[in-house]
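One structure below.
Nothing here was measured: the structure is a model prediction, and the numbers come from that model.
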Amino acid sequence: TENRIPQMKTTETLHALRALVPLSALPLLWKDMNNQAIAESLASVLVELFDADFVYISATPHLHVEELAFGPEGRVPAALIPEIRASLQGWSVRRPSRIPCPLSGDLVAVLSTPLGYEAEAILIVASTRPDYPTGIERLILQIAANEATAAMEREENLAVARHLATLINLSAHFIGVATLQGMPLFVNPAGLRLVGMTSMQEVLALPVFDFLDFRDRDRARYEVWPEI
């Protein structure tokens, strides 16, 4: 027994290192992917890392990820997704157990973790291995989910920012951003035209009160702005 313990620790360490190398490369790969592609990439990598029977990701409208599953042969056909979902119903995350695999019929152990900061989706990895999941595998899955969540949230925030920037630039109204000291940071193209300016350089040299009618400047400076 004493001889086996160092050998087991060495095996687990090697397993962890082999898994962390491809995982460390994923964030760079995900940089140019949308959230659906990130989820698909994550699932395909985890199938190989865990020698899994299937990896399942539930749908999340917030992150724009569709329900999907991957197996050893690649992406599982959409027609089989309801069977996988049904096989997981009633399964408790707190009490791991083996369930019949809807793809092979074999008994598989399932390991899950939230995918998303508000648990919008669930990431599940299933395997027939009798020793699955090990402590190292639980850690690896958590690391992978955290990396994917960060990448998805970043992409989601960028998408929202791009959409907002487009709306602001196309708006016919004056839209601006200023510091609490009343100095402009940004004015949209329509706003520039409405005040007779052509560039942000002109805007940055003026306090926001100079954009108002002369009669309104004192009230804005001494009454409205202190309230803001």
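Taking the side chain as every heavy atom from C-beta outward, Asn169 and Pro189 approach each other to under 4.5 Å. The closest side-chain heavy-atom distance from Leu115 to Leu42 is below 4.5 Å. Within the 4.5 Å cutoff, side-chain heavy atoms of Ser104 are placed close to those of Asp53. For the pair Pro72 and Phe54, the minimum side-chain heavy-atom distance is 4.5 Å or more.
Residue Glu66 places its CD atom among 12 or fewer non-hydrogen atoms of other residues, nucleotides or ligands, all under 6.0 Å distant. Around CZ of Arg219, the count of heavy atoms belonging to other residues, nucleotides or ligands within 6.0 Å does not exceed 12. Around the CD atom of Glu202, the shell of radius 6.0 Å holds more than 12 heavy atoms that belong to other residues, nucleotides or ligands.
The CD1 atom of Ile57 sits 10.0 Å away from atom CD1 of Ile81, with the distance rounded to the nearest 0.5 Å. In this structure, Leu80 CG and Leu103 CG are separated by 6.5 Å, a value rounded to the nearest 0.5 Å. Between the CG atom of Asp213 and the CZ atom of Arg215 there is a distance of 4.5 Å, given to the nearest 0.5 Å. Going from atom CG of Leu164 over to atom CD1 of Ile168 covers 4.0 Å, rounded to the nearest 0.5 Å. Remark: Leu46 CG to Asp51 CG distance equals 12.5 Å, nearest 0.5 Å. Atoms OH and CZ, from Tyr222 and Phe209 in turn, are 8.5 Å apart once rounded to the nearest 0.5 Å.
In this structure a side-chain-to-backbone donor-acceptor pair under 3.5 Å is missing from Glu147 to Ala144. At least one donor-acceptor pair closer than 3.5 Å links the side chain of Asn35 to the backbone N or O of Met152. Proximity of a side-chain donor or acceptor of Ser127 to a complementary backbone N or O of Tyr132 within less than 3.5 Å is not detected. With hydrogens and angles disregarded, a donor-acceptor distance shorter than 3.5 Å links the side chain of Arg217 to the backbone of Leu212. Although no hydrogens or angles enter the test, the distance criterion places a donor-acceptor pair under 3.5 Å between the side chain of Asn188 and the main chain of Ile175. A donor-acceptor contact shorter than 3.5 Å is absent between the side chain of Ser41 and the backbone of Ala37.
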Fill in: Test log, rule side-chain contact (heavy atoms from CB on, under 4.5 Å), inputs Leu123 and Val55
CA-CA 7 Å; Leu123 169 63; Val55 173; 3.7 Å; yes

- [ ] For the pair Glu67 and Ser58, evaluate side chain to side chain donor-acceptor pair (under 3.5 Å) and give the outcome as yes or no after the intermediate values.
- [x] CA-CA 5 Å; Glu67 190 178 29; Ser58 63; over 6 Å; no

### Task
Apply side-chain contact (heavy atoms from CB on, under 4.5 Å) to Glu40 and Leu68, showing your working.
CA-CA 8 Å; Glu40 293 172 1; Leu68 60 93; 3.9 Å; yes

Requested in this report: Mind running side-chain contact (heavy atoms from CB on, under 4.5 Å) on Val76 and Ile84 for me, showing each step along the way?
Outcome: CA-CA 10 Å; Val76 174; Ile84 294 178; 4.2 Å; yes

Query raised in the report: Yes or no on side-chain contact (heavy atoms from CB on, under 4.5 Å) for Glu137 and Arg129, after CA distance, side-chain angles and deciding distance?
Result: CA-CA 12 Å; Glu137 286 170 330; Arg129 284 188 9 241; 2.7 Å; yes

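For the residue pair Tyr56 and Leu88, the shortest heavy atom distance occurs at CD2-CD1, 3.6 Å. Residue His173 comes nearest to Ala190 through the heavy atom pair O-CB, 3.7 Å, listed as atom of the first residue, atom of the second, then distance. Heavy-atom minimum distance, Pro100 versus Leu107: N-CD2, 3.8 Å. Residues Ala121 and Thr60 share a closest heavy-atom pair of CB-CG2, 3.7 Å. Taking both residues in full, the closest heavy atoms of Ile99 and Ser87 are given as CD1-O, 3.6 Å, listed atom of the first, atom of the second, then distance.
Residues Phe174, Val187, Leu192, Leu194, Val195, Met197, Met200, Val203, Leu206, Phe211 make up the rest of the hydrophobic cluster containing Leu204, defined by ILVMFWY side-chain heavy atoms closer than 4.5 Å, directly or through other members.
Under the side chain to side chain donor-acceptor pair (under 3.5 Å) criterion, Arg221 pairs with no residue, sequence neighbours left out. Residues that satisfy the side chain to side chain donor-acceptor pair (under 3.5 Å) test with Glu83, not counting sequence neighbours, are absent from this structure.
Exactly one of Leu111, Leu141, Ile140, Val125 qualifies for a side chain to side chain contact (heavy atoms under 4.5 Å, CB included) with Pro133. That residue is Leu111.
Val208 is connected to Val224 through a chain of hydrophobic side-chain contacts under 4.5 Å among Ile, Leu, Val, Met, Phe, Trp and Tyr, so both are in one cluster.
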